[in-house]
Protein chains: 2
Amino acid sequence: MSIQLRPSQALRLWQQVSLAEVRAKEPDLTERQLAILLTIYLDPPPHTVRGLAGKLDVSKPVITRALDTMGALKLVSRHRDPNDRRNVLIKRTVEGALFVERFGDVVVAKSAELPL
Amino acid sequence: MSIQLRPSQALRLWQQVSLAEVRAKEPDLTERQLAILLTIYLDPPPHTVRGLAGKLDVSKPVITRALDTMGALKLVSRHRDPNDRRNVLIKRTVEGALFVERFGDVVVAKSAELPL
DNA sequence: CATGAATGGAACGGAGCCGAAACGGTTATT
DNA sequence: AATAACCGTTTCGGCTCCGTTCCATTCATG
């Protein structure tokens with residue numbers, strides 16, 4: 001038993017959430033940045049630059065730059081892997097967890113308002 | 001009876017759709033552009049630059065530029081209003097309808113794969 | 001008509017992201 | 001110890017989007 005969602009509802013949901021995000025004038029993350037952030041917070045750690053680049057099928061600099069941006073917003077943090085100092089481990093932050101949580105709440109709220 | 005969606009499912013859904021879009025390396029619309037496109041295709045016409053700017057709470061040039069970009073991609077088209085030649089009416093295109101339809105299908109497909 | 005309001009667009013400088021390539025630091029291999 | 005492989009970052013030029021401001025056209029109002 002999976003979620004039942006018709007195409008018109010799916011599109012309406014996306015519109016409502018997008019409108020809310022645009023109007024909120026919040027951090028304004030790129031599609032890529034959002035995908036990275038959600039992956040960090042939903043998929044099990046550890047997360048590395050290379051691993052994320054592979055998962056999104058983008059180049060490493062894309063990940064680095066996205067982490068720069070989101071790091072400045074305190075949504076994620078970076079730490080050298082003590083076991084293999086070539087690696088950088090990406091970790092969650094309190095602010096990031098809050099951001100993700102709020103975003104989820106917006107989606108849930110908008111989905112509850114969907115017409116049948 | 002509305003859609004039942006838990007926060008974890010909402011976030012997972014957004015992640016999966018975002019990942020699919022990033023990996024697809026498609027037209028790569030901005031959040032704003034997507035919100036505009038969906039509004040044009042979901043809300044009843046007529047659509048004007050000023051009307052869209054008000055609905056998204058952004059400035060007119062934002063709409064104009066987004067229409068420039070999406071017009072070049074043939075996702076929307078512009079026509080002068082014959083009744084009031086100051087207005088520009090934004091209309092749908094076959095390519096835009098296909099794009100929106102395909103996007104809706106992606107959301108539906110990802111939502112069907114969601115774990116309970 | 002003449003004036004003012006309203007509409008969409010253009011111009012400007014600034015900021016952010018892009019892809020491709022090259023780079024320094026770390027670990028593995030020989 | 002020397003070399004190669006690996007990892008993340010930085011650099012470069014180029015492109016897009018941004019906000020603000022100003023402009024041309026069109027309509028409403030006296």
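What you see below is based on every heavy atom in this structure, not just the backbone, and it leaves out hydrogens, waters and symmetry mates.
Taking 4.5 Å as the limit, every side-chain heavy atom of A:T69 sits out of range of all side-chain heavy atoms of A:T30.
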Please walk me through it: do A:Q15 and A:R12 pass side chain to side chain donor-acceptor pair (under 3.5 Å)? CA-CA 5 Å; A:Q15 182 208 16; A:R12 184 64 69 180; 2.9 Å; yes
Go through B:R102 and B:E95 one step at a time and tell me if the salt bridge (Lys or Arg N to Asp or Glu O under 4.0 Å) criterion holds. CA-CA 10 Å; B:R102 191 196 65 80; B:E95 291 90 340; over 6 Å; no
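Between the CD1 atom in B:I36 and the CE atom in B:M70 there is a gap of 5.0 Å [rounded to 0.5 Å].
C:dG16 atom P lies 14 Å from atom CG of A:L29, rounded to whole Å. Going from atom CG of B:D68 over to atom C1' of C:dA11 covers 13 Å, rounded to whole Å.
B:R78 contributes no side-chain N or O that forms a donor-acceptor pair with the base of C:dG9 under 3.5 Å.
Here the closest heavy-atom approach between residue B:L19 and residue A:K55 is recorded as CD2-O, 4.5 Å. The two residues B:T93 and B:S77 make their nearest non-hydrogen contact at CG2-N, 3.8 Å. The nearest pair of heavy atoms linking A:A35 to B:S18 is CB-CB, 3.8 Å.
A:W14 and B:W14 have parallel rings, their planes meeting at less than 30° on a 0 to 90° scale where 60° marks the start of perpendicular.
Taking only side-chain nitrogens and oxygens, A:S59 never comes nearer than 4.0 Å to OP1 or OP2 of C:dC18. The shortest distance between the side-chain N/O atoms of B:R50 and the OP1/OP2 oxygens of C:dT7 is below 4.0 Å.
Among the protein residues, B:Q33 comes within range of the sugar-phosphate backbone only, with heavy atoms under 4.0 Å from sugar or phosphate atoms but none that close to a base.
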Protein N or O to nucleotides 25-30 of chain C N or O, pairs below 3.5 Å:
unit_1	atom_1	unit_2	atom_2	d
C:dT27	OP1	A:R85	N	3.0

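A 4.0 Å heavy-atom criterion places the boundary nucleotides of DNA chain D facing chain A at D:dC6 to D:dT11, written 5' to 3'.
Comparing A:P61 and A:R32 along DNA chain C, the residue whose closest nucleotide (by nearest heavy atom) sits nearer the 5' end is A:R32. Closest-nucleotide positions on DNA chain C for A:K60 and B:I63 were compared, and the one nearer the 5' end corresponds to B:I63.
More than 12 heavy-atom neighbours from other residues, nucleotides or ligands sit within 6.0 angstrom of CZ on A:R23.
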